[in-house]
Amino acid sequence: MNNAWRSLVPSVAVALVCLSVLFGSASTAAQSPAAGTASSRPKIGLVLSGGGARGLTHIGVLKVLEELRVPIDFIAATSMGAIVGGLSATGMSAPEMERRLADIDWTKMFSDSPPRRDLDIRRKDEDERYPIPLELGFRDGQIRFSKGAIEGGNLELYLHEITRPADDIASFDALPTPFRAIATDMVTGDEVVFDRGPLYLALRASMSVPGVFAPVEIDGQIFGDGGLVDNLPVDVMRKMGADVVIAVNIATPLMSREELSSLVGLSAQTINILTKQNVRASLALLRPGQDVLISPNLGTLTYADFTSAAKFIELGEEAARGVSPALAAYALPPDAYREYLAQRRPLPSIAEPIIAQVRVEGTERDNPAVLKAQLESQAGKPFSSAVVDADMSRLYGTGDFERVTYRLIDEKGQRDLAFDVTEKSWGPNFLRFGLNMSSDMQGETFFNLLIGHKKTWLNSLGGQWVNEIEFGEIRRYSTEWYQPIEKSQTFFGSLYGEIRREPAFIYDGDTRIAEYDVLVEQAGFNLGVNLGYWGELRLGPQYTHYRADPQVALRSSFPIAKLNEVGISLGARHDRLDDPFFAHRGLKVDAEFFRGLPSIGSDTDVTRYKVDFLQAVPLGESDLLHVAGRFGTSNRRDETQATDFNLGGFLNISGLRTDQLNGDYLEFARAVYYHKMGPLGYVGRAWYLGGSLEFGNVWQTRSDVNFGDAFKAASIFLAADTYVGPFYFAYGRTNRGESSWYIFVGRP
């Protein structure tokens with residue numbers, strides 16, 4: 001019996017140990033995988049895919065993860081996912097991110113220019129004359145193109161602004177949450193994983209969508225969108241050390257056959273196909289039962305729907321709540337989650353240093369001393385992000401640079417501020433294009449194509465040679481040498497000339513009785529003051545020769561007419577409109593004065609002036625009101641009629657023929673209302689329904705001026721803010737019964 005007992009004891013002991021292990025394991029398994037101390041829980045990695053505007057969905061997912069108290073130990077992301085993930089990695093909460101990203105003016109982000117109000121008057125004039133968003137270069141006998149549809153300067157500036165606390169962090173492992181951003185080496189086609197460097201540059205490189213944003217060059221490498229090689233970087237997350245992967249896939253689905261009818265659609269589909277292939281490989285790396293996949297249903301919302309930020313965030317929350325049981329398995333108890341948050345506190349704001357020196361670096365053609373003279377950032381003053389942003393906008397606003405960044409550099413125990421600029425590789429000869437077309441549906445049709453050329457930095461002070469050729473109803477060539485005369489470019493000289501031929505029509509009531517071919521040859525020199533954002537003043541001598549030859553006339557009393565005017569010209573321009581065509585706010589004023597001087601060869605001692613103005617009045621997000629007027633007088637009758645003031649045509653007494661009225665005294669005012677109906681898709685920005693009320697007339701002599709016989713007119717129209725300029729389809733009618741339909745491309 002004793003022997004039997006002794007033989008049984010070891011077996012019982014082994015059994016007890018096994019039971020103890022078994023029940024202990026069962027007890028542990030019954031706990032949440034994330035429960036317990038920070039060292040005992042699994043490390044969780046968050047993977048965010050790219051997808052343009054669809055990437056805003058990630059904010060909604062992050063909100064739910066924070067609500068469920070799911071800790072995130074690593075983040076790897078691509079493209080728009082990299083922007084959301086990068087901000088989260090700095091310690092920014094999802095609600096704060098929602099506030100910042102949802103309020104972004106995406107129209108500004110997807111533009112290369114600073115706000116129009118912040119451009120100087122010459123750039124404003126260029127953008128109005130050449131609305132087609134195409135700039136070519138001419139260099140070494142070749143036509144050169146820009147690197148992308150959008151250089152992305154405003155986006156890069158914004159990313160730097162909101163990630164500036166991370167500027168001094170060498171490794172992304174030192175961020176509150178270790179982070180990786182994925183980009184593509186556009187030379188080799190290899191995947192590039194950013195784990196260090198300026199955070200904002202990594203985010204910008206990851207979101208360099210081909211054909212939309214120009215690629216980013218960093219240290220000699222050219223980087224494109226990471227979605228081309230790894231849109232859902234699960235493999236990168238594994239290498240970072242994650243035990244559990246939460247992957248959010250919002251990649252744009254393939255387009256239907258009907259959506260492939262345009263070059264834009266085909267280009268987008270090519271990217272979608274590449275993305276789909278690498279996402280499929282990444283999804284295969286996820287482990288069922290351990291990793292969590294979140295695939296929001298975004299319906300018909302596309303990568304371009306940045307105005308639907310609130311909807312994207314809502315759909316992200318909905319998708320994350322749909323898998324909340326799987327996410328809850330990794331949730332921390334409240335105390336443990338508070339400890340986790342304390343360990344990954346947001347990056348502190350950087351104390352603003354005193355700037356020891358300001359530099360502009362990277363120029364080849366431009367004179368850095370001239371550029372520096374125009375900056376507000378000054379040595380000896382504290383660093384100010386608002387001032388630096390304004391300076392970068394000013395540099396972008398010159399039109400010379402495809403990229404502008406800044407750095408704070410430690411130099412011998414002091415901080416220097418360096419603006420790094422990249423001159424446009426397709427310069428310094430730039431070509432731009434404009435288009436004007438109108439028809440009053442009564443046989444009066446005009447078509448003009450404008451080609452503008454500008455050669456920059458002819459000398460160290462920034463001289464420019466500007467030329468314009470116009471073909472069509474108007475045949476014109478103009479040239480100007482514009483020469484700043486000191487480093488701040490406040491004062492300038494301008495030597496200019498123009499040859500123009502255009503038709504002029506004479507009406508008797510509604511009947512056209514003559515057509516003239518008018519030749520204008522003009523030359524002059526101005527000294528001027530550049531008023532920066534506000535405008536400019538010019539004063540100088542001007543010579544003009546006019547000749548009018550009758551082409552068609554119903555009677556013989558229309559002779560050849562000639563006129564020489566030599567005198568002093570004074571011009572003043574002010575422009576603070578926020579858009580050249582569909583402005584929400586701002587004022588624009590053009591004023592001209594000319595005095596003919598017979599003592600230096602003028603045929604007359606004419607005194608002539610005119611003033612044009614337009615005031616944009618905001619009536620709400622979707623409604624605009626433009627109040628405008630034109631006024632002018634001339635005390636000498638010009639038989640060529642080339643110097644006359646004209647009225648007639650759409651929004652210029654709508655219902656009349658184009659320039660049906662002419663004379664020496666002009667009074668005109670109008671109010672135009674626009675209601676924004678919606679976006680325009682691939683061909684433009686928005687379309688409008690609107691109408692106008694107009695009042696005015698033109699008289700031959702001062703004694704004829706009588707507001708009682710002024711025309712009253714009104715119009716209704718459909719308008720579109722297209723990429724070739726404003727388009728109108730309109731109907732106008734006067735109080736005297738004249739009416740007309742109009743098709744118009746360009747400024748009325």
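Atom CZ of Phe491 has 12 or fewer neighbouring heavy atoms from other residues, nucleotides or ligands inside a 6.0 Å radius. Within 6.0 Å of NZ on Lys455 lie more than 12 heavy atoms contributed by other residues, nucleotides or ligands. For Glu361, the CD atom sits in a packed shell: over 12 heavy atoms of surrounding residues, nucleotides or ligands are nearer than 6.0 Å. When the shell of 6.0 Å around OH of Tyr477 is examined, it contains more than 12 heavy atoms from other residues, nucleotides or ligands.
One finds no salt bridge joining Lys124 and Asp590 here, because no Lys/Arg side-chain nitrogen approaches an Asp/Glu carboxylate oxygen to under 4.0 Å. Salt bridge annotation for Arg500-Glu521: absent, with no cationic side-chain nitrogen under 4.0 angstrom from a carboxylate oxygen. Asp579 and Arg585 are not joined by a salt bridge, as no carboxylate oxygen comes within less than 4.0 angstrom of a charged side-chain nitrogen. With respect to Glu480 and Arg122, a salt bridge is recorded, a charged nitrogen being found less than 4.0 Å from a carboxylate O.
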| side chain to side chain donor-acceptor pair (under 3.5 Å) between Asp225 and Ser79, worked out | CA-CA 6 Å; Asp225 193 275; Ser79 197; 2.8 Å; yes
| task | Show your working on side chain to side chain contact (heavy atoms under 4.5 Å, CB included) between Thr479 and Val466 and close with a plain yes or no. | result | CA-CA 6 Å; Thr479 186; Val466 181; over 6 Å; no
| message | side chain to side chain contact (heavy atoms under 4.5 Å, CB included) for Tyr130 and Asp125? Distances and angles first, verdict last. | response | CA-CA 8 Å; Tyr130 312 115; Asp125 186 55; over 6 Å; no
| task | Begin from the C-alpha positions of Trp481 and Gln464 and carry the test side chain to side chain contact (heavy atoms under 4.5 Å, CB included) through to its verdict. | result | CA-CA 6 Å; Trp481 183 292; Gln464 298 179 1; over 6 Å; no
| Working for salt bridge (Lys or Arg N to Asp or Glu O under 4.0 Å), residues Lys372 and Asp366 | CA-CA 11 Å; Lys372 181 180 174 181; Asp366 297 41; over 6 Å; no
| message | Using salt bridge (Lys or Arg N to Asp or Glu O under 4.0 Å), reason through Arg475 and Glu502 one step at a time and then give a plain yes or no. | response | CA-CA 6 Å; Arg475 293 142 292 162; Glu502 61 184 324; over 6 Å; no
| message | Applying side chain to side chain contact (heavy atoms under 4.5 Å, CB included) to Arg608 and Phe593, what does each step give before you reach the verdict? | response | CA-CA 6 Å; Arg608 181 170 57 249; Phe593 170 84; over 6 Å; no
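In this structure the side chain of Phe631 never reaches within 4.5 angstrom of the side chain of Tyr609, judged on heavy atoms. The closest side-chain heavy-atom distance from Glu423 to Thr363 is below 4.5 Å. In this structure the side chain of Val187 never reaches within 4.5 angstrom of the side chain of Phe223, judged on heavy atoms. In this structure, the side chains of Arg630 and Lys610 stay at 4.5 Å or more apart for every pair of heavy atoms. The shortest distance between side-chain heavy atoms of Leu136 and Trp426 does not fall below 4.5 Å. Within the 4.5 Å cutoff, the side chain of Thr163 has heavy atoms near those of the Leu87 side chain. A 4.5 Å side-chain heavy-atom check between Ser634 and Val606 finds at least one atom pair inside the cut-off. Inter-residue side-chain proximity for Leu134 and Phe433 is flagged as met; some heavy-atom pair is nearer than 4.5 Å.
In summary, the side chains of Trp534 and Asp575 do not present any donor paired with an acceptor at a separation below 3.5 Å, with no hydrogens or angles considered. Under 3.5 Å, the side chains of Thr490 and Asn530 contain no donor-acceptor pair of N or O atoms. Side-chain contact, Gln542 with Tyr496: a donor N or O sits under 3.5 Å from an acceptor N or O. Defined by atom type and a distance below 3.5 Å, a donor-acceptor pair is present between the side-chain atoms of Thr643 and Asp638. Side-chain N/O atoms of Gln522 and Thr544 include a donor and acceptor closer than 3.5 Å. Side chain to side chain, Ser494 and Arg538 meet the donor-acceptor criterion of an N or O pair below 3.5 Å.
The structure places CZ of Arg547 at 6.5 Å from NE2 of His545, a figure rounded to the nearest 0.5 Å. For the atom pair Ser377 OG and Leu417 CG, the distance stands at 5.0 Å (nearest 0.5 Å). Distance CG/Leu450 to CD/Glu470: 4.0 Å, rounded to 0.5 Å. Of the inter-residue distances, the one linking Asn436 atom CG with Arg129 atom CZ reads 8.5 Å to the nearest 0.5 angstrom. Separating the CG atom in Leu159 from the CG atom in Asn154 is a distance of 11.0 Å, to the nearest 0.5 Å. Between the CG atom in Asp603 and the CD atom in Glu565 there is a gap of 8.5 Å [rounded to 0.5 Å].
Without hydrogens or angle criteria, Arg595 side chain to Asp605 main chain gives a donor-acceptor distance under 3.5 Å. Between the Gln374 side chain and the Val370 main chain, a donor and an acceptor come within less than 3.5 Å of each other. Under the 3.5 Å distance criterion, the side-chain polar atoms of Asn367 are matched with a main-chain donor or acceptor of Ala369. Checking side-chain atoms of Thr722 against main-chain N and O of Gly725 turns up a donor-acceptor pair under 3.5 Å. Looking at Arg403, its side chain never comes within 3.5 Å of a backbone N or O of Asp420 through a donor-acceptor pair. The backbone N or O of Met186 sits nowhere less than 3.5 Å from a side-chain atom of Thr184 that would complete a donor-acceptor pair. Side-chain atoms of Tyr200 never come within 3.5 Å of backbone atoms of Glu156 as a donor-acceptor pair (strictly under, hydrogens ignored). Under the 3.5 Å distance criterion, the side-chain polar atoms of Asp185 are left unmatched by any main-chain donor or acceptor of Gly189. Under a 3.5 Å cut-off, the side chain of His626 and the backbone N or O of Ala583 do form a donor-acceptor pair.
Summarising the geometry of Ala181 relative to Ser206, their closest heavy-atom pair is CB-CB, 4.5 Å, with the distance given to 0.1 Å. Thr398 and Arg123 get closest at one heavy-atom pair: C-NH1, 3.6 Å. Taking every heavy atom of both residues into account, Arg164 and Ser385 meet most closely at NE-CB, 4.5 Å. A pairwise comparison of heavy atoms in Leu375 and Gln378 identifies O-NE2, 3.1 Å as the closest pair. Of all non-hydrogen atoms in Arg139 and Ser425, the two that sit nearest each other are NH1-O, 3.1 Å. Contact detail for His584 and Asp578: the closest heavy-atom pair is N-OD1, 2.9 Å.
The aromatic rings of Trp465 and His453 stand perpendicular to each other, their planes meeting at an angle above 60°, with 30° marking the opposite boundary. Ring geometry for Phe383 versus Tyr406: interplanar angle of 30 to 60°, hence tilted.
For the side-chain hydrogen bond (donor to acceptor under 3.5 Å, both in side chains) with Tyr533, the lone residue among Arg116, Arg394, Arg576 that qualifies is Arg394.
By the 6.0 Å and 45° rule, Lys424 stacks over the aromatic ring of Phe430.
Aromatic pair Phe492/Tyr482: ring centres closer than 6.0 Å.
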